[in-house]
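Report on the structure given below.
Atoms within a ligand are numbered from 1 in the order they appear, just like the ligands themselves.
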Amino acid sequence: MPSDRKVAARAGAILEIDLRAVAANWRRLQRELAPGARMAAVVKADAYGLGVARIGPILARAGCGLFFVATLDEGVALRKVLPKAAIAVLDGALAGSETVFARARLIPVLNDLGQVVRWSKAHPRKPAILHLDTGMARLGLSRTEVDRLAADPALLARVDLAAIMSHLACADEPRHPKNPEQLARFRAALARLPKAPASLASSSGIFLGPAYHFEIVRPGAALFGINPLPGQPNPMQPTVALKAKILQVRDVDAGETVGYGATHRMERPSRIATVAVGYADGWLRSASNRGSAAIAGRRVPVVGRISMDLLTLDVTGIEAGQAKPGAYVDLLDDSYGVDDAADAAGTIGYEMLTLLGRRYARIYRGAR
Ligand SMILES: *Cc1c(COP(=O)(O)O)cnc(C)c1O
């Protein structure tokens with residue numbers, strides 16, 4: 001796309017999003033890991049920051065018929081992009097929102113008994129998903145609410161249950177005792193409720209094995225290349241690359257300091273490259289003096305504080321011809337992904353990806 005290129009040419013930083021990799025991750029999860037389950041896609045927070053208007057249609061084309069978003073507004077926005085898909089809203093249906101749900105044909109995830117009652121009255125024939133809390137104390141019906149619901153067949157008869165779901169607290173720790181505990185609680189609750197497709201596993205949950213799959217799995221992170229198996233090699237393809245321009249390169253004497261707070265002092269005469277990415281672009285300030293970037297394939301450390309619009313790299317070991325104003329550094333690429341950058345910032349790939357910038361020129365690759 002020529003307009004993309006023109007924007008990219010003048011941009012300080014470019015976020016490349018690989019739509020083919022998203023589709024490949026979808027197919028891999030479905031075919032190899034959860035072949036017996038129906039797969040839904042979680043595309044909350046603008047598809048984890050990648051842009052749901054581009055990601056939604058790619059996943060629909062790959063075979064996704066059920067999407068989860070977090071908020072009602074996200075649901076309304078996705079409905080415009082995907083007129084036919086089933087779209088469920090995880091935050092649930094607060095009192096008074098039932099009409100908006102119906103108008104946009106959105107499926108509420110009913111998170112408490114009051115929501116079940118109100119939906120049954122407002123739209124007894126429109127599908128809803130029932131969310132049971134099995135150990136997160138966050139959203140979903142509590143155990144006592146499940147008791148009351150199970151004892152009220154008249155109420156249950158007035159809800160069209162598209163699915164019954166719960167959510168795991170520790171799916172990314174395969175040996176955590178909480179996993180089998182939640183699984184047992186979920187099974188016990190399902191046995192007391194009307195038959196409906198059940199759903200427990202998100203990305204990491206899929207890797208806990210078929211016992212956790214039930215009828216519907218709900219991956220988000222893994223589709224977008226975040227490692228669902230922390231501490232192990234990432235089975236998913238990376239979907240983003242981030243490159244930023246060097247704005248200036250300067251020689252710095254031994255003993256001089258770099259950046260705000262003078263937190264890094266040069267031990268020897270050095271060269272510092274200043275790059276057009278900062279915490280306002282989602283490159284977290286907690287990554288100050290931590291992590292690295294690559295110039296022509298060679299890794300260079302971040303030195304000094306990350307500031308709002310800039311970060312600084314020690315490029316002393318790089319040829320002047322390669323570390324020069326206008327040259328690109330790779331902040332995220334196939335060998336250093338969101339999980340690595342997140343690690344340096346003391347956070348997780350989810351946070352890194354969802355915070356990545358509103359200021360980048362975005363290029364979507366693999367689009368038809
Ligand atoms: C975010 C979310 C998911 C998707 O989780 P990933 O770890 O990103 O796969 C699934 N279910 C619920 C309830 C969620 O909030």
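The nearest heavy-atom contact from the protein to atom 9 (O) of ligand 1 is S203 OG, 2.5 Å. H167 CE1, 3.4 Å is the protein heavy atom nearest to atom 12 (C) of ligand 1. Scanning the protein heavy atoms around atom 1 (C) of ligand 1, the nearest turns out to be K44 NZ, 1.3 Å.
Using a 4.5 Å heavy-atom cutoff, the side chains of W119 and P127 are not in contact. In this structure, the side chains of V116 and L155 come closer than 4.5 Å at one or more pairs of heavy atoms. V146 is not listed as a side-chain neighbour of D133, based on a closest heavy-atom distance of 4.5 Å or more.
Contact atoms of ligand 1 toward S202: 3 (C), 4 (C), 5 (O), 6 (P), 7 (O), 9 (O), 10 (C) (distance under 4.0 Å to a heavy atom of the residue). Annotation for ligand 1: atoms under 4.0 Å from non-hydrogen atoms of G220 are 4 (C), 6 (P), 8 (O), 9 (O). Interface of P219 with ligand 1, defined as ligand atoms under 4.0 Å from a residue heavy atom, comprises 9 (O). Which parts of ligand 1 touch Y48 is read off a 4.0 Å heavy-atom cut-off, strictly below it: atoms 1 (C), 4 (C), 5 (O), 6 (P), 8 (O).
Distances from ligand 1 to the non-hydrogen atoms of M165 include at least one value under 4.0 Å. Heavy-atom separations between F68 and ligand 1 are all 4.0 Å or longer. Using a 4.0 angstrom heavy-atom cutoff, F224 does not count as in contact with ligand 1. Not a single heavy atom of S204 sits closer than 4.0 Å to an atom of ligand 1.
Stacking of R305 on the aromatic ring of Y260 is not recorded, the 6.0 Å distance cut-off and the 45° axial limit not both being met.
Within a 6.0 Å sphere centred on NZ of K324, other residues, nucleotides and ligands contribute 12 heavy atoms or fewer.
The backbone N or O of C170 lies less than 3.5 Å from a partner atom in the side chain of N179, making a donor-acceptor pair. Side-chain N or O atoms of N25 include none that pairs as donor or acceptor with a backbone N or O of F224 at under 3.5 Å.
Between L90 and ligand 1, not a single N/O pair is under 3.5 Å apart. Of the polar atoms of Y350, at least one N or O is found under 3.5 Å from an N or O of ligand 1, judged by distance alone.
Neither side chain, T71 nor D73, offers a donor N or O lying under 3.5 Å from an acceptor on the other.
With respect to E16 and K243, a salt bridge is recorded, a charged nitrogen being found less than 4.0 Å from a carboxylate O.
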